[in-house]
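Some notes on the structure that comes next.
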Amino acid sequence: MATASRREHPAMNDARQLALEFEHRPALGGDDFLVAPPNADAVAWLDRWPDWPGSALVIAGPPGCGKSHLGHVFMAESGALAIDAPDPRAADIDAPALVLDEADVVAGDAAGEEALFHLYNRIREAGRCLLMTAAAPPARWGLILPDLASRLKAVATASIATPDEALIQAVLVKLFADRQLRVDADVIGYVVARMERSFAATRTLVEALDSTALARRRNITVPLARDVLDELAARE
């Protein structure tokens, strides 16, 4: 584990308090999901399960906003199971609900849309629910099967916005704490102002900071953070 500064910065205590102020929802795998304004609407819809219009819910949002993570939260709370593709036979799985990630990849593919159409119908007939994630609401998928487009008009859609600065800061504090790393507030502020605002990028950055600090046998400081951000940018 990398060595990090043990000096407490007053502002860092404020940052930790910010992280604690967000509601934590446990997810499969032991990771917590922080509930904040960008994702609060989606969380509220999950809390309404199984009372979803049309027995289904679509969670829409840009890459890295936490859609898949929220799906794991739902599975932990409901006993739902994830499926890899819209196979109608999945409706026979003994679970209260199914979770289909990136459901919008079927758009424009006749066979894929047909399979999702039949899966959705069988899920409804069985009295179960289907949670789907996608980059956009169904009306923007470009569906070519009218029957599927009509069915999905009846389901609720909850959008997740790109994580804001406060949420990214809270996630950074939590991820550093998970690794038992104490990082000063000036480092947190420096990276938040310069990094991509997504959960995936946040996790990648923390892992890179930890491993780089370990390799260099240095604390996690602003200069080290600058180097790591430059290295990550060079890989893109």
Side-chain angles (χ1 to χ4, degrees), residues 1-40 42-43 59 61-73 75-76 82 101-102 133 135 160-236:
M1 180 178 298
T3 301
S5 173
R6 301 298 174 181
R7 175 173 58 87
E8 288 294 336
H9 190 293
M12 195 60 203
N13 291 329
D14 294 339
R16 288 204 186 94
Q17 185 60 40
L18 172 64
L20 293 174
E21 287 173 357
F22 289 113
E23 180 186 354
H24 290 236
R25 295 293 184 95
L28 295 178
D31 290 333
D32 284 346
F33 185 89
L34 298 182
V35 182
N39 56 51
V43 173
I59 295 180
C65 71
K67 301 186 298 292
S68 297
H69 195 169
L70 197 52
H72 282 80
V73 172
M75 287 189 281
D101 230 355
E102 300 182 351
T133 70
I160 299 182
T162 300
D164 58 19
E165 182 174 317
L167 181 53
I168 288 296
Q169 178 177 327
V171 172
L172 279 168
V173 171
K174 180 188 179 299
L175 292 177
F176 283 128
D178 288 345
R179 292 169 177 262
Q180 300 180 18
L181 295 170
R182 294 182 179 179
V183 180
D184 285 346
D186 57 345
V187 178
I188 298 290
Y190 180 85
V191 298
V192 167
R194 293 163 175 81
M195 63 179 289
E196 173 191 329
R197 288 186 182 176
S198 74
F199 293 137
T202 304
R203 187 174 296 278
T204 297
L205 176 60
V206 170
E207 292 173 351
L209 287 168
D210 192 1
S211 61
T212 301
L214 177 62
R216 298 185 185 182
R217 298 185 179 182
R218 290 174 53 189
N219 295 329
I220 297 178
T221 60
V222 168
L224 185 139
R226 182 186 303 115
D227 290 347
V228 169
L229 286 170
D230 287 346
E231 290 173 3
L232 292 176
R235 298 176 190 172
E236 296 178 355

I'd like to know whether L172 forms a side-chain contact (heavy atoms from CB on, under 4.5 Å) with F176, so could you lay out the CA-CA distance, the side-chain angles of the two residues, the decisive distance to 0.1 Å, and finally the verdict. CA-CA 6 Å; L172 279 168; F176 283 128; 4.3 Å; yes

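- Closest approach of T162 and P38 over heavy atoms only: O-CB, 4.1 Å.
- For the side chain to side chain contact (heavy atoms under 4.5 Å, CB included) criterion with V206, the lone passing option out of L181, L175, V171 is L175.
- The main-chain N or O of A36 is found under 3.5 Å from a side-chain atom of N39 such that the two form a donor-acceptor pair.
- Between P163 and S198, the closest heavy-atom pair is CG-CA, 4.4 Å.
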side-chain contact (heavy atoms from CB on, under 4.5 Å), that's the test. Do T212 and D227 meet it? Break it down for me. CA-CA 9 Å; T212 301; D227 290 347; over 6 Å; no

Tell me, with the steps shown, if K67 and E102 meet side-chain contact (heavy atoms from CB on, under 4.5 Å). CA-CA 9 Å; K67 301 186 298 292; E102 300 182 351; over 6 Å; no

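- Side-chain contact between L70 and I160: present, with at least one pair of heavy atoms (C-beta onward) separated by less than 4.5 Å.
- Residues R194 and L229 approach most closely at CB-CD1, 4.1 Å, considering heavy atoms.
- Looking only at side-chain heavy atoms (C-beta outward), V183 and L209 stay at 4.5 Å or farther from each other.
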Yes or no on salt bridge (Lys or Arg N to Asp or Glu O under 4.0 Å) for K174 and D178, after CA distance, side-chain angles and deciding distance? CA-CA 6 Å; K174 180 188 179 299; D178 288 345; 2.8 Å; yes

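- Minimum interatomic distance between A161 and C65 (heavy atoms only, all atoms of both residues): O-CB, 3.9 Å.
- When side chains are defined from C-beta on, T204 does not count as touching E196, because their heavy atoms never get closer than 4.5 Å.
- A pairwise comparison of heavy atoms in A225 and V191 identifies CB-CG1, 3.7 Å as the closest pair.
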Working for side-chain contact (heavy atoms from CB on, under 4.5 Å), residues D230 and R226: CA-CA 6 Å; D230 287 346; R226 182 186 303 115; 4.0 Å; yes

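- Atoms CG and NE2, on D101 and H72 in that order, are 8.0 Å from each other to the nearest 0.5 Å.
- Contact record, V187 with I220: CG2-O, 3.7 Å, taken as the closest heavy-atom pair.
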